[in-house]
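A quick write-up on the structure given underneath.
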There are 2 protein chains.
Amino acid sequence: MKRSLEHIEYQEDTETLARFAKALGHPTRIAILKHLENQSCCFTGDLVDVFPLAQSTVSQHLKELKTAGLIQGELKPPKIKYCINQENWRLAKSLFANFFD
Amino acid sequence: MKRSLEHIEYQEDTETLARFAKALGHPTRIAILKHLENQSCCFTGDLVDVFPLAQSTVSQHLKELKTAGLIQGELKPPKIKYCINQENWRLAKSLFANFFD
DNA sequence: ATCTATTATCGCAAATATACGATAGGTTTA
DNA sequence: TAAACCTATCGTATATTTGCGATAATAGAT
């Protein structure tokens, strides 16, 4: 990417909303989150069984959702229990709701 | 991208939501849409003046928003007036609202 | 200490996305 | 017809994303 300008500064809300949207911008990640909404929580392995994707790929999607703050992982050795991050979920919900008027 | 499986089939809502989210997944596009919400409509040139981006770059972002169905262009020669596509806007609004519960 | 189970990370390949300048296209005006 | 105006598209460069298999890491069980 050629950038003549180091970085465009947007309003904080704009950046935050875009980051959430980007994390939601893949059907697998939407499906993962829908799954988490139903089950409330689940393990990586459960998701690997649900989707016809390699374990590493599922793990990567989970990482992105975690980085975006939409989910969080809790150690339940030897597994990891993933749940929706309620605080950021509410934030995302309100940002989208405000955005759409 | 290596795909062992041609294509994963998700629920239609999931695909649609992901497509909207992907279109919203860039701060410039969020900012463009916010601008359109305020102004109700505007021309490409107006946006080029607002953002420190090349005309071709702005045009490309507009194209993506148009492809996603979030905006529509109306010919007002020699300009093009872009407005929010109200029908899809409502659809996106409700998909996001339902998704976030 | 070793083995097992589970998940994350690394390294790679291919596809997409982002940005730019240059150019083409379409419409009005001169 | 030609010139001017506005916008889209092309070509290109670089960055990011998506996916896989292989490997590392972590914690409990043997």
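So you know, we letter chains A, B, ... as the sequences are listed, proteins then strands, and number each from 1.
Distance A:Phe51 CZ to D:dC20 P: 13 Å, rounded to the nearest Å. Regarding A:Leu47, its CG atom lies at a distance of 14 Å from the P atom of D:dG19, rounded to whole Å. Across the protein-nucleic acid pair, B:Lys81 atom NZ and D:dT7 atom P stand 13 Å apart, rounded to whole Å. The distance from atom CZ of B:Arg19 to atom P of C:dA17 is 13 Å, rounded to the nearest whole Å.
The ring of B:Phe96 has its center no closer than 6.0 angstrom to the ring center of B:Phe20.
Sorted by residue number, the members of residues 58-75 of chain B with any non-hydrogen atom under 4.0 Å from DNA chain D read B:Ser59, B:Lys63. Across residues 20-30 of chain B, B:Lys22, B:His26, B:Arg29 each have a non-hydrogen atom less than 4.0 Å from an atom of DNA chain C (numbered order).
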Restricting to nitrogen or oxygen on both sides, can you table the protein-nucleotides 3-6 of chain D pairs closer than 3.5 Å?
none

Give the C-alpha distance, both sets of side-chain angles, the deciding distance and a yes or no for side-chain contact (heavy atoms from CB on, under 4.5 Å) between B:Ile71 and B:Cys83. CA-CA 6 Å; B:Ile71 64 172; B:Cys83 309; over 6 Å; no
List the steps, then state whether side-chain contact (heavy atoms from CB on, under 4.5 Å) holds for B:Glu15 with B:Gln11. CA-CA 6 Å; B:Glu15 299 266 11; B:Gln11 291 184 345; over 6 Å; no
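More than 12 heavy atoms of other shown residues, nucleotides or ligands fall within 6.0 angstrom of atom CD in A:Glu37.
One distance of note links CG of B:Leu24 with CG of B:Leu65; it measures 7.5 Å at 0.5 Å rounding. To the nearest 0.5 Å, the span separating CD1 on A:Ile80 from SG on A:Cys41 amounts to 13.0 Å. Atom CD of B:Gln72 is separated from atom CD of B:Glu87 by 9.0 Å, given to the nearest 0.5 angstrom. Within the model, atoms CZ of B:Arg29 and CG of B:Leu36 stand 13.5 Å from one another, a figure rounded to the nearest 0.5 Å.
Annotation: side chain to side chain donor-acceptor pair (under 3.5 Å) contacts of B:Lys34 (sequence neighbours excluded): A:Thr14.
Within the structure, every pair that satisfies the ring pair (Phe, Tyr, Trp, His ring centres under 6.0 Å) test and touches residues 37-64 of chain B, not counting sequence neighbours, is listed here: B:His26-B:His61. For residues 90-101 of chain B, there are no salt bridge (charged side-chain N to carboxylate O under 4.0 Å, His left out) pairs, not counting sequence neighbours.
Each of D:dC20, D:dT7, C:dC20 was ranked by its minimum atom distance to the side chain of B:Gln55; first place goes to D:dT7. Distances were taken from every side-chain heavy atom of A:Ala54 (C-beta onward) to each of C:dT7, C:dC20, D:dG21; the shortest belongs to D:dG21.
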